[in-house]
Amino acid sequence: MIRISTIFIAICMVLVAASLGLVLYSIAGISGTESAIVALTALTFLILYNAVSMRLRDRTDVGGQIADLSRGTADLARQVAEFGRRLAAVEGRVVSANSAGADRIQAIVGEINELGVLVKELAVSVAGHEDMLSSGVPPATPPAPKPEDAPPKEPPAAAAIEEKSVAVVAAAPVKIVEGPAPSRSQAQILTAVKNAMEENRIDIYLQPMVTLPQRKVRFYEAVTRLRDDKDQILSADDFIGVAEAAGLIGRIDHMVMLRCVQVLRRLMVRNKDVGVFCNVAAATLGNPTTFAQCLDFLEANRALAPSLVLEFKQATFRNLGPIETEHLAALAQRGYRFSVDHVTDLRIEPRELADRGVRFIKVPASLLLDQRQTSASDIHPSDLSDLLGRFGIDLIAERIEGERAVVDLLDYDVRFGQGFLFAPPRPLRPEGASATAAASPGKAQDSNGSGKIASVEDPGLGPPRTTGNAALARRAAGPPV
């Protein structure tokens, strides 16, 4: 609809033009035709002026409206961004809640499995006692030699001697752990490995890595130990070769990862800065099926990636194939860091290792302090720590056994150390009398260290609160018959 103001302006312009023509006709004496032409010309100019002025005014109004629309769009974008941030926060809370729930379920499942194993052991022990009671014959001692009734008081002393001998025998496997047991064949070791996997007798020992020179615990290395049917300890060097040949190392690594995650969660309750090194075999890294299971488990525990370090041998990194390289990239993409151990020489390419995600290299102290390595390697051992540090890799000196080695390593600017000088590998949780006896030699080795070692092992040795019933059941079962 045409506005009233526009009609009024049009009428005014017509009146002005008509008035101009009338004035020219009546006063100036111009003819009527000429007066009409002048009036129409004036009316045309007035119409053009009005149209131009209205167009300018409309343009100004449209510019203001566009500015208002721009401000409204910016406000809407800010509101959408705020809603997106809130939605992301809600999704993060949901994911963390699901992760916490999954962790609790895994812990409960682990406890149920452990209780099942303990109940099975208890049933076997009870059955053994029943067999002994059913087949036992009461001692028929003749009443005549009653003066011999006094000697039965001597068996307690003999029993004490037997207990001491049993403790020594139980401690012996820990010393044998340092080397392969010559009395075991590969078939016997394979049988022990299979039984230990089925009955959950794969234990985790923790050995701390300390800062130098403060000797403050910064990391723990999870060392795998296996117990056979007689609770004798087998070290990793004894059974890993047999397990790899039998294709069982992947399952063992998966079980060790599960235990390491449980240990790490328990340690982080008291210290958020602690970390755990978990060893992974090359066969596990190169097996797509086994690695997929491990990757799914590590993906579910991705929140622990900054504190869980996966450790591989130096030979593994030197013989990487396409599959191993892809698997390492998948782990690095999920935030996990790597460590290199079993270093045999100092020919190291830090740039290549750093690109693959390696953040720690463990070198034996004897190799760092060996003067012959100066000519055999591309870099002097005293400069190795600085070279690795340029690429974000920390050097850890392992197998330190004397204070003299610590002094020499400090000259090489080594910031982390590991070895029997600080603490030997200790069992995470004493399990039964045999495990306690097996742990006693470690305490004997602690006598040459300082009193701080007890506090070093304290976080990892205490049993978790959720396993009180399991410990009670194990204590009720008693030693195996």
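All residue numbers in this chain count up from 1 along the given sequence.
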Worksheet item: Checking salt bridge (Lys or Arg N to Asp or Glu O under 4.0 Å) for the pair R404/D408: CA distance, chi angles, key distance, verdict?
Response: CA-CA 6 Å; R404 179 62 183 172; D408 295 337; 3.7 Å; yes
Discussion item. Show, in sequence, the C-alpha distance, side-chain angles and deciding distance for N279 and D341, and conclude whether the side chain to side chain contact (heavy atoms under 4.5 Å, CB included) test is met.
Written reply: CA-CA 9 Å; N279 289 275; D341 67 345; 3.4 Å; yes
Discussion item. Does E82 have more than 12 heavy atoms from other residues, nucleotides or ligands lying within 6.0 Å of its CD?
Written reply: yes
Discussion item. If we ignore hydrogens and angles and just use 3.5 Å, is the side chain of D370 paired with the main-chain N or O of S366 as donor and acceptor?
Written reply: no
Discussion item. Can you give me the closest heavy-atom contact between D383 and I379, atom names plus distance?
Written reply: O-CD1, 3.6 Å
Discussion item. Around atom CD of E349, are there more than 12 heavy atoms from other residues, nucleotides or ligands closer than 6.0 Å?
Written reply: no
Worksheet item: Just one of F219, F338, F391 clears the ring-ring contact (aromatic ring centres under 6.0 Å, His included) bar with F360, so which one?
Response: F219
Fill in: Closest non-hydrogen atom pair, I400 against F422
CD1-CE1, 3.9 Å
Worksheet, complete the sentence: Closest non-hydrogen atoms of I249 and A283, given as atom of the first, atom of the second and distance, are CG2-CB, 3.7 Å
Worksheet item: So, T284 side chain and V280 main chain: donor-acceptor pair closer than 3.5 Å or not?
Response: no
Worksheet item: Can a salt bridge be assigned to the pair D103 and R265 using a cut-off of 4.0 Å between side-chain N and carboxylate O?
Response: yes
Worksheet item: CZ of R337: more than 12 outside heavy atoms within 6.0 angstrom?
Response: yes
Practice prompt. Go through R227 and D203 one step at a time and tell me if the salt bridge (Lys or Arg N to Asp or Glu O under 4.0 Å) criterion holds.
Written response: CA-CA 8 Å; R227 287 182 290 114; D203 298 332; 2.5 Å; yes
Worksheet item: Considering only heavy atoms from C-beta outward, does the side chain of L387 approach that of R390 to under 4.5 Å?
Response: yes
Practice prompt. May I ask you to decide if G92's main-chain N or O and S96's side chain share a donor-acceptor pair within less than 3.5 Å?
Written response: yes
Worksheet item: Would a distance-only check, ignoring hydrogens and angles, find a side-chain to backbone donor-acceptor pair under 3.5 Å from S339 to L310?
Response: no
Worksheet item: If only atom types and distance count, is the side chain of Q314 paired as donor or acceptor with the main-chain N or O of T344 below 3.5 Å?
Response: yes
Worksheet item: Of all heavy-atom pairs between D238 and I189, which one has the smallest distance, and what is that distance?
Response: O-CD1, 3.7 Å
Discussion item. Could you walk me through whether L353 and I393 satisfy the side chain to side chain contact (heavy atoms under 4.5 Å, CB included) test, starting with their C-alpha distance in whole Å, then the side-chain angles of each, then the deciding distance to 0.1 Å, before giving a yes or no?
Written reply: CA-CA 9 Å; L353 294 177; I393 301 176; 4.2 Å; yes
Discussion item. Please give me the minimum heavy-atom distance between A192 and L226, naming the atom from each residue.
Written reply: O-CD2, 3.9 Å
Worksheet item: CG/L384 to CG/L367 distance, rounded to the nearest 0.5 angstrom?
Response: 9.5 Å
Discussion item. Taking CD1 in I323 as the centre, count heavy atoms belonging to other residues, nucleotides or ligands within less than 6.0 Å. Is the count above 12?
Written reply: no
Worksheet entry | Passing candidate, side chain to side chain contact (heavy atoms under 4.5 Å, CB included) with F239, options I202, L234, L190, D228 | L234
Item to complete: For T73 and L69, indicate whether the former's side chain and the latter's backbone hold a donor-acceptor pair under 3.5 Å.
Response: yes
Worksheet item: Is a donor on one side and an acceptor on the other found under 3.5 Å between the side chain of N301 and the backbone of F297?
Response: yes
Item to complete: Answer yes or no: are there more than 12 heavy-atom neighbours, outside R399 itself, under 6.0 Å from its atom CZ?
Response: no
Response to the item:
When every non-hydrogen atom of Q207 is compared with those of P425, the smallest separation belongs to OE1-CG, 3.7 Å
Worksheet item: Would R415 and D394 satisfy salt bridge (Lys or Arg N to Asp or Glu O under 4.0 Å), going step by step from the backbone distance to the final call?
Response: CA-CA 8 Å; R415 295 187 297 172; D394 289 325; 2.4 Å; yes
Worksheet item: Any donor-acceptor pair under 3.5 Å linking the side chain of Q293 with the backbone of T290?
Response: no
Worksheet entry | Donor-acceptor pair, side chain of H327 and main chain of L285, under 3.5 angstrom | yes
Worksheet item: With a 4.0 Å cut-off, would you call E114 and R259 a salt bridge?
Response: no
Worksheet item: Under a 4.0 Å N-O cut-off, is there an ion pair linking R318 with D345?
Response: yes
Worksheet item: Could you walk me through whether L320 and R356 pass the side chain to side chain contact (heavy atoms under 4.5 Å, CB included) check?
Response: CA-CA 11 Å; L320 288 177; R356 296 186 184 276; 3.6 Å; yes
Worksheet item: With sequence neighbours excluded, what pairs up with E199 under the side chain to side chain donor-acceptor pair (under 3.5 Å) test?
Response: R201
Item to complete: Take H342 and T316, measure what side chain to side chain contact (heavy atoms under 4.5 Å, CB included) needs, and give me the verdict at the end.
Response: CA-CA 10 Å; H342 288 77; T316 302; over 6 Å; no
Worksheet item: Is a side-chain donor or acceptor of N287 paired with a backbone partner of F291 at a separation under 3.5 angstrom?
Response: no
Fill in: R251 atom CZ: more than 12 heavy-atom contacts under 6.0 Å
no
